[in-house]
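In what follows, every heavy atom counts, from backbone to side chain, and hydrogens, waters and symmetry copies are set aside. Not measured: the values here are computed from a predicted model.
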Amino acid sequence: MKTKFFLATLMLLLCVVTMQAVEINGINYNLDESTGTAVVTSKYEKYTGDIVIPESVIYEQITYSVTSIESLAFYYCTGLTSITIPNSVKSIENETFSGCTRLETLVIEC
């Protein structure tokens, strides 16, 4: 029983270690090296203006595919006016754009 618990804990730690929070070109991401994916995350200073999310980002010479936008990523970004989301993004979590009172244009590429 202790061996199973130890292995489960070790696997969880390995998953945590592979995630890295970074800012690239003004957008915050959680990067998962094990899957090669990037998730758009919230920003303390809040996003403003026109945002174009790329299909992929490069960090430390590794390319990550941008596949999702986390819950509340753009929450109350009252200065956000437009956002373009590439077709690589397969999921947009709950309340991502809540409180974005000046958001006029939302483009989701197909």
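- Among all heavy-atom pairs drawn from I51 and L80, the shortest one is CG1-CD1, 3.4 Å.
- Residue pairs satisfying the ring pair (Phe, Tyr, Trp, His ring centres under 6.0 Å) criterion with at least one member in residues 49-68, sequence neighbours excluded, are absent.
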Please list every donor-acceptor pair under 3.5 Å in which a side-chain atom of residues 83-99 meets a protein atom from a residue at least two apart or in another chain.
unit_1, atom_1, unit_2, atom_2, d
S88, OG, E55, O, 3.3
S88, OG, V66, O, 2.7
K90, NZ, N87, O, 2.7
T96, OG1, E93, O, 2.5

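- Counting only heavy atoms from C-beta outward, the side chains of T81 and R102 approach each other to under 4.5 Å.
- Across I27 and V52, no two heavy atoms sit closer than the pair CD1-O, 3.7 Å.
- Side-chain atoms of C77 and L103, non-hydrogen and from C-beta on, never get closer than 4.5 Å to each other.
- Considering CE of M19 and CG of L31, their distance stands at 8.0 Å, rounded to 0.5 Å.
- Legend: salt bridge (Lys or Arg N to Asp or Glu O under 4.0 Å) pairs involving residues 33-53, not counting sequence neighbours, sorted by first then second residue: E23-K43.
- Hydrophobic cluster of Y75: the remaining members, joined at side-chain heavy-atom separations below 4.5 Å, are L72, Y76, listed by chain and number.
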*Derivation and outcome, side chain to side chain contact (heavy atoms under 4.5 Å, CB included), residues I53 and I69*: CA-CA 10 Å; I53 298 172; I69 302 173; 3.8 Å; yes
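- S34 pairs by the side-chain hydrogen bond (donor to acceptor under 3.5 Å, both in side chains) definition with D32, not counting sequence neighbours.
- With sequence neighbours left out, S68 forms a side-chain hydrogen bond (donor to acceptor under 3.5 Å, both in side chains) with no residue at all.
- Other residues sharing a hydrophobic cluster with V107 under the 4.5 Å side-chain heavy-atom criterion for ILVMFWY residues do not exist; the residue is a singleton.
- The stretch residues 23-51 participates, sequence neighbours left out, in these ring pair (Phe, Tyr, Trp, His ring centres under 6.0 Å) pairs: Y47-F74.
- For residues 56-85, no residue pair satisfies the salt bridge (Lys or Arg N to Asp or Glu O under 4.0 Å) rule, not counting sequence neighbours.
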